[in-house]
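A quick write-up on the structure given underneath.
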Amino acid sequence: MNLLENKNILIVGVANKHSIASGIAESMSKNGANIVLTYQNDRLKSNVEKIGNEIGVETFIPCDVSSDEEIESTFNQLGRKWDGLDCVVHAVGFAPREELDGDFLEATTREGFAIAHDVSSYSFIALAKAAKDMMKGRQGSLLTLSYLGSTKTLPNYNVMGLAKASLEASVRYLAVSAGKDGHRVNAISAGPIKTLAASGVKNFRKMLSYNAERSPSGRNVTTKEVGDAATFLSSDMASGINGEILYVDGGFNITAMGSIEEAES
Ligand code: NAD
Ligand code: 0WE
């Protein structure tokens, strides 16, 4: 399909081939999008270039989203390449590792809270601000990635849950703001996937099997499935969807009890 023919799309958040952003880039490229990828730092540059080269991406821009200067220079470079921008995909999340380990009250610090909210939530607003000029007159779309930990507790997700709650609220406020310019703003709340960000997390394999077992679909989702949902949401097929959090999690979030078999009799 060619849902994104002639659309210019900036994707932020590719680290390696397992990244959700890589699944999104692949699906969007298959659907005819023109794509530019950013990378967080020089350490990730060659990874990101390799992934981009395989799907016809020509331009790679360094962008640490905690820096307003780097965001500004990203859009300056983009402006030299394209006469306009249709979509931005934000697939970035970070909290200091110690924040995601153990009891919430003990693990959470003022500094960790600030970093998590800056990198994982404010950065989406910063990108929306920076993209505004280039998106003018285009009926564009902004998309971010969230997780169930925004509204329900689970072990160790801790301050990231608060940052995702903030991110989801900003989806709604941005939808109102960007709606005035004809743009849409949405999030995908993905089920757990073994990515680089997940690999540093204690017991992640156990979480994956817990999720698969308790999902109506009986398995975990793939980056391809998240990518295809992102393609849909970014396309004109989703022109009626704005300010929405779309769960792409095999239905895990809708259940209160998976099956009765696991309960004691
Ligand atoms: P990933 O590690 O592949 O991607 C995270 C990306 O964030 C990396 O590319 C990293 O370079 C980037 N990043 C971190 N700090 C940054 C900074 N200061 N500036 C620029 N980039 C920065 O992991 P992922 O799982 O693909 O994560 C992508 C998004 O999906 C995140 O928002 C994450 O919270 C969300 N998500 C992940 C899962 C999961 O289980 N993997 C589930 C739901 C939502
Ligand atoms: O949003 C995420 C990833 C969040 C994340 C992970 C790390 C690990 C390494 C943010 N920052 C860091 N910082 C690091 O140093 N997910 C939805 C994946 C994820 O992470 C979890 C999960 C799930 C699911 C952490 C604890 C519990 C569950």
Side-chain angles (χ1 to χ4, degrees), residues 10-25 37-45 47-48 51 60-71 74 89-102 104 107 112 115-124 126-127 143-150 152-168 171 187-212 220-227 229-230 245-250 252-253:
L10 178 70
I11 301 179
V12 180
V14 174
N16 61 29
K17 66 175 195 247
H18 304 293
S19 295
I20 291 176
S22 300
I24 294 174
L37 298 178
T38 66
Y39 54 93
Q40 184 186 351
N41 53 41
D42 284 343
R43 199 165 40 81
L44 295 173
K45 183 178 183 187
N47 272 352
V48 176
I51 289 153
F60 305 88
I61 307 176
C63 184
D64 184 319
V65 297
S66 62
S67 155
D68 284 332
E69 293 73 43
E70 288 196 24
I71 291 176
T74 297
V89 176
H90 170 269
V92 172
F94 179 79
R97 185 178 300 266
E98 316 79 68
E99 298 278 327
L100 306 180
D101 188 4
F104 172 67
I115 293 171
H117 283 73
D118 183 35
V119 177
S120 313
S121 178
Y122 178 73
S123 65
F124 187 46
L127 290 175
L143 181 68
T144 187
L145 270 296
S146 193
Y147 181 58
L148 182 62
S150 63
K152 304 272 195 264
T153 70
L154 60 147
N156 299 324
Y157 200 61
N158 293 356
V159 78
M160 274 305 296
L162 283 64
K164 291 301 194 190
S166 158
L167 178 68
E168 290 181 13
V171 165
I188 288 174
S189 182
I193 299 175
K194 185 127 186 69
T195 60
L196 186 64
S199 70
V201 173
K202 251 191 203 160
N203 292 320
F204 196 77
R205 275 181 39 191
K206 275 193 192 163
M207 290 199 19
L208 279 177
S209 55
Y210 182 99
N211 258 267
N220 289 311
V221 297
T222 63
T223 55
K224 179 182 187 298
E225 290 173 315
V226 177
I245 315 297
L246 177 65
Y247 281 84
V248 180
D249 69 344
F252 181 84
N253 78 94

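Heads up: numbering here begins at 1 and tracks the sequence. Every value quoted in this text rests on a predicted model; they were computed, and no experiment measured them. We count ligands from 1, going down the list as the structure has it; atoms in each ligand are counted the same way.
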| message | If you take the nearest heavy atom of each of Asp249, Asp64, Leu148, which one is closest to atom 17 (C) of ligand 1? | response | Asp64

| said: Considering Ala91, Ala116, Pro192, Ala95 one by one, which has a heavy atom nearer to atom 13 (N) of ligand 2 than any of the others? | reply: Ala95

| message | Within the 4.0 Å heavy-atom shell around Gly93, which atoms of ligand 1 are there? | response | 7 (O), 31 (C), 32 (O)

| note | Heavy-atom proximity to atom 5 (C) of ligand 1 ranks first, among Ser22, Gly23, Ala91, Ala15, for Ala91

| message | Quick check on contacts: which atoms of ligand 1 are under 4.0 angstrom from a heavy atom of Leu44? | response | 11 (O)

| request: Would you mind telling me if ligand 2 is within reach of the side chain of Tyr157, the backbone, both or neither, using heavy atoms under 4.0 Å? | output: both

| Does Ser146 come within less than 4.0 Å of ligand 1, judged by its heavy atoms? | yes

| remark: Here the gap from Thr153 atom OG1 to Leu148 atom CG, rounded to the nearest 0.5 Å, amounts to 9.5 Å

| ligand 2 versus Lys202, non-hydrogen atoms closer than 4.0 Å: side chain, backbone, both, neither? | neither

| said: Looking only at protein heavy atoms, which one is nearest to atom 15 (O) of ligand 2, and what is the separation? | reply: Arg97 CB, 3.4 Å

| Numbering the atoms of ligand 2 from 1, which are under 4.0 Å from a heavy atom of Leu100? | 5 (C), 6 (C), 7 (C), 10 (C), 11 (N), 12 (C)

| What do you reckon, does Asn156 have a nitrogen or oxygen under 3.5 Å from a nitrogen or oxygen of ligand 2? | no

| task | Classify the angle between the aromatic ring planes of Tyr157 and Tyr147 as parallel (below 30°), tilted (30 to 60°) or perpendicular (above 60°). | result | perpendicular

| said: Tell me whether Pro155 reaches ligand 2 (any heavy atom closer than 4.0 angstrom to a ligand atom). | reply: yes

| query | Side chain of Lys17, backbone of Asn47: donor and acceptor closer than 3.5 Å? | reply | no

| At a 4.0 Å threshold, what atoms of ligand 1 neighbour a non-hydrogen atom of Val14? | 9 (O)

| Within-cut-off N or O pair, Ile20 and ligand 1, under 3.5 Å | yes

| query | For atom 13 (N) of ligand 1, which candidate among Gln40, Met160, His18, Lys194 provides the closest heavy atom? | reply | Gln40

| note | Looking only at protein heavy atoms, what sits closest to atom 7 (C) of ligand 2 is Ala197 O, 3.3 Å

| request: Would you mind finding which of His90, Lys164, Met207 brings a heavy atom closest to atom 32 (O) of ligand 1? | output: Lys164

| field | Per-atom contacts of ligand 2 with Phe204, taking only distances under 4.0 Å to non-hydrogen atoms | value | 19 (C), 23 (C), 24 (C)

| request: Among all protein heavy atoms, pick out the one at the shortest distance from atom 26 (C) of ligand 2; state its residue, atom name and that distance to 0.1 Å. | output: Val201 CG1, 3.5 Å

| field | Distance filter under 4.0 Å to Val119 heavy atoms, resulting ligand 1 atoms | value | 15 (N), 16 (C), 18 (N)

| Which atoms from ligand 1 have a heavy atom of Gly191 less than 4.0 Å away? | 40 (O), 42 (C)

| Proximal ligand 1 atoms for Gly13, defined as those under 4.0 Å from one of its heavy atoms | 4 (O), 6 (C), 8 (C), 9 (O)

| Ligand-side contact atoms (ligand 2) for residue partner Met207, heavy atom cut-off under 4.0 Å | 24 (C), 27 (C), 28 (C)

| Out of Pro192, Ala197, Ser19, whose heavy atom is nearest to atom 2 (O) of ligand 1? | Ala197

| Result of checking Asn156, Val159, Asn158, Ile115 against Glu99 for side chain to side chain contact (heavy atoms under 4.5 Å, CB included) | Val159

| field | Under 3.5 Å: N/O of Val92 near N/O of ligand 1 | value | yes

| message | Are there over 12 heavy-atom neighbours, none belonging to Lys194, within less than 6.0 Å of that residue's NZ? | response | yes

| said: Check whether Ser123 reaches the backbone of Val119 with its side chain - one donor and one acceptor, N or O, closer than 3.5 Å. | reply: yes

| Sub-3.5 Å N/O-N/O distance, Phe94 and ligand 1 | no

| Any Cys63 heavy atom less than 4.0 Å from ligand 1 | yes

